[in-house]
*Asks:* 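Attaching a single structure in C-alpha cells format; questions to follow.
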Number of protein chains: 2
Amino acid sequence: MDKIKVILVDDHKIFRDGFRMLLQSFSFVEVIAEASNGNEFLSLIEDHSADIIFMDINMPQLDGVEASQKALEKYPDLKIIALTTFLDDDYLEQMLMAGVEGYMLKSAEIEEFEKAIVKVYEGGNYFSDEIVSLLSDKLNMLRKKRKKKDDLPEFTDREKEVLELICKGYGNKQIAEATFLSIKTIEKHKSSLFQKTGTYNTVNLVIYAFKHQIIKF
Amino acid sequence: MDKIKVILVDDHKIFRDGFRMLLQSFSFVEVIAEASNGNEFLSLIEDHSADIIFMDINMPQLDGVEASQKALEKYPDLKIIALTTFLDDDYLEQMLMAGVEGYMLKSAEIEEFEKAIVKVYEGGNYFSDEIVSLLSDKLNMLRKKRKKKDDLPEFTDREKEVLELICKGYGNKQIAEATFLSIKTIEKHKSSLFQKTGTYNTVNLVIYAFKHQIIKF
DNA sequence: ATGCGAAGTAGGGAAAACCCCATTGTACAT
DNA sequence: ATGTACAATGGGGTTTTCCCTACTTCGCAT
C-alpha cells in the first residue's frame, strides 16, 4: 500500500519540523511538502497531489481560512485538517463552512493524529473532543440568546396563515385568492400582525419574521 | 461518592430494560426512574432530581425534542443525552438547539456510554463520532448549496446602498431622506434591483436578500 | 339569557409602492 | 469626436398597501 501523502502548512518552522518528525514516525505517512503561509501553499498544490493537508489557521499573508476556501474551490476533493493552538478560536465556524474534513488542537496526543489521518484518508472526518465541546457551547450560547429575545406575541390561526404567505412573497391580492377571503380581510389580519409585532408595514413584518425565526429558509 | 442518578426515557420497554441493566453494571450509576414518553417524563422530573437524562427522540405523544425543550425551560441545569437509532436523523439540529449535552447512537459500545456519562456529569458534553460526522456532512451540504446559488448579480453602489436601507425596514420616503435623493430615484433603483434579482416587489426583494445572505442579522 | 371580548369579515379613502418613459452624465471604444 | 452602454436622476399615472371604522359570530363568564 502506498503511503498517505501529507502537506504541512504552518508559519512556524519549528512546529513544522517537530510535526513532520511525529508524522514520519507513522510508517504509512509521508510528508511530501511544506508551506509557511496560505499563498505558498496555494502555489504548492499545483505541483503536488496530496492526500491530506494539515493547515494552521493563524498565518501571515493568507490565513488558513481563506487558503482552505480557495484551495477547495479549485480542488474540491482535497482533504484538509485544520490545526489550532488555543481554544479561543473565532474562526471555527468559518473554517467548518470552508469545508475542512477535520479540526484539532496542535496539542493533541500522538494517537489522536494517527486516528485523524486514517479516518480522514478513508473519507470520514475527525474533530477532537475539545473542538466538539466548543461547538456545542457556541450552539448553546446561540440558543440562550434566542430564548431571551423570544417573548413572541401569540398569533391567531388566520394570522399565522397570512404571515406564512406574506413570507413566501405573496401580495395581499394573491393571499386573498389563496385563502378565499377578500383583500380587505387580509389587510385587517396584516394590520393585527403589525400591532402585535410592533411593525408598521409588510417589509418590516417580514424582517421581524426572519429575525425571530418564525419562518424557515 | 454518591452514585450518578439517571432517568431513562424511551417508548420501548425492552430497550429500557436492556439499557437499565447495562447502566447498572457501572458501579457509579443508579437508574432512579423511567418514562415511556415525553409527557410522562415531564411529570416525573417534578419529583426526582436526576443528574443525567437519556432521552429517546422518536416517541409517541410528546417526542424527545419538545420534551427536552420544555424540561430545559423549567430546569436549565438538566443534563440530557439524546439517543437515536438511525443516522437519517432530521431532528439533529433541533435537538442540539434544544440544548442537549450529548448525542449518541443506541448502538454505541458500552465503553462509549460510560465515557459519555462521566463527561456529561462533569459538565462537559459527549457526541459520538457518527453524530459529529453527520453534523459535518450537513455543514458541507449547506456550504455547497450556498455556493451553487451564489451567482449573485452585481449591484451598483447606489443599489447596494438602497438595498441595505430597504432591509433595515426603511420605506421609499425614508430612504430618499437618508440619501438626499428624490423618492422617484429610489423607486428606480429598487426597480433595477427587482430586475436583477428576478423579484417584483419590496417584500420579495427582502426575502431574496435574506436567503442569499446579502444582509446580516 | 345576556353581556362582553376576541376573532374574523369587510368598505372608503389616504398614502405608499410600482411601472413606463425621459433626461443627464460619464466612461470606454472605435 | 462620436457612438454606445450604463449608472443615476426624476415625472405622470396606475396599482397596492395601509389606516380607520363597522358588522357578525362565537365562546364564556356572570
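Computed over heavy atoms, backbone and side chain alike; hydrogens, waters and symmetry mates excluded. Reminder, nothing fancy here: chain letters follow the sequence lines and each chain counts from 1.
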*Asks:* Please list all pairs meeting side-chain hydrogen bond (donor to acceptor under 3.5 Å, both in side chains) that have one or both residues in residues 34-44 of chain A, counting only residues at least two apart or in different chains.
*Replies:* A/Arg16-A/Glu34, A/Arg20-A/Glu34, A/Ser36-A/Glu40
*Asks:* Within this structure, what is the CG-to-P distance between A/Leu181 and D/dC23, rounded to whole angstrom?
*Replies:* 21 Å
*Asks:* When the ring planes of B/Phe19 and B/Phe54 are compared, do they come out parallel, tilted or perpendicular, using 30° and 60° as the limits?
*Replies:* perpendicular
*Asks:* Over the length of the helix from C/dA1-D/dT30 to C/dT30-D/dA1, how much do the five-pair end axes diverge, rounded to 10 degrees?
*Replies:*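 Roughly 30°, once rounded to the nearest ten degrees.
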*Asks:* What one-letter contact string describes nucleotides 13-21 of chain D from 5' to 3', where B marks a base within less than 4.0 Å of any protein heavy atom, S marks contact via sugar-phosphate atoms alone, and - marks no contact?
*Replies:* B---BBB--
*Asks:* To the nearest Å, how far apart are A/Glu159 CD and C/dT9 P?
*Replies:*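 Atom CD in A/Glu159 sits about 11 Å away from atom P in C/dT9.
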*Asks:* Just how far, in rounded Å, is P of C/dA15 from CD of B/Gln174?
*Replies:* 15 Å
*Asks:* Taking only the side-chain nitrogens and oxygens of B/His189, find out if one of them lies under 4.0 Å from OP1 or OP2 of D/dT9.
*Replies:* yes
*Asks:* What's the CG-C1' distance between A/Asn204 and C/dA17, to the nearest Å?
*Replies:*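 Checked: the CG to C1' distance equals 14 Å.
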*Asks:* Rounding to an integer number of Å, can you tell me how far A/Phe180 CZ sits from C/dT9 C1'?
*Replies:*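 Going from A/Phe180 (CZ) to C/dT9 (C1'), I get 17 Å.
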*Asks:* Indicate, with yes or no, if the rings of B/Phe194 and B/Tyr200 have centres closer together than 6.0 Å.
*Replies:*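 Between B/Tyr200 and B/Phe194, which both carry aromatic rings, the centre distance is not below 6.0 Å.
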*Asks:* Counting any heavy atom closer than 4.0 Å, what does A/Ser182 reach on the DNA or RNA strands: base, sugar-phosphate only, or nothing?
*Replies:* sugar-phosphate
*Asks:* Between D/dA8 atom P and B/Glu161 atom CD, what is the distance in whole Å?
*Replies:*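 Checked: the CD to P distance equals 9 Å.
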*Asks:* Please determine if A/Glu159 and A/Lys196 form a salt bridge, counting it only when a charged side-chain N lies under 4.0 Å from a carboxylate O.
*Replies:* yes
*Asks:* Is the NZ or CZ atom of A/Lys106 positioned over A/Phe15's six-membered ring, under 6.0 angstrom from the centre and within 45° of the axis?
*Replies:* yes
*Asks:* B/Ile186 has an atom CD1; how far is it from atom P of D/dA7, in whole Å?
*Replies:* 16 Å
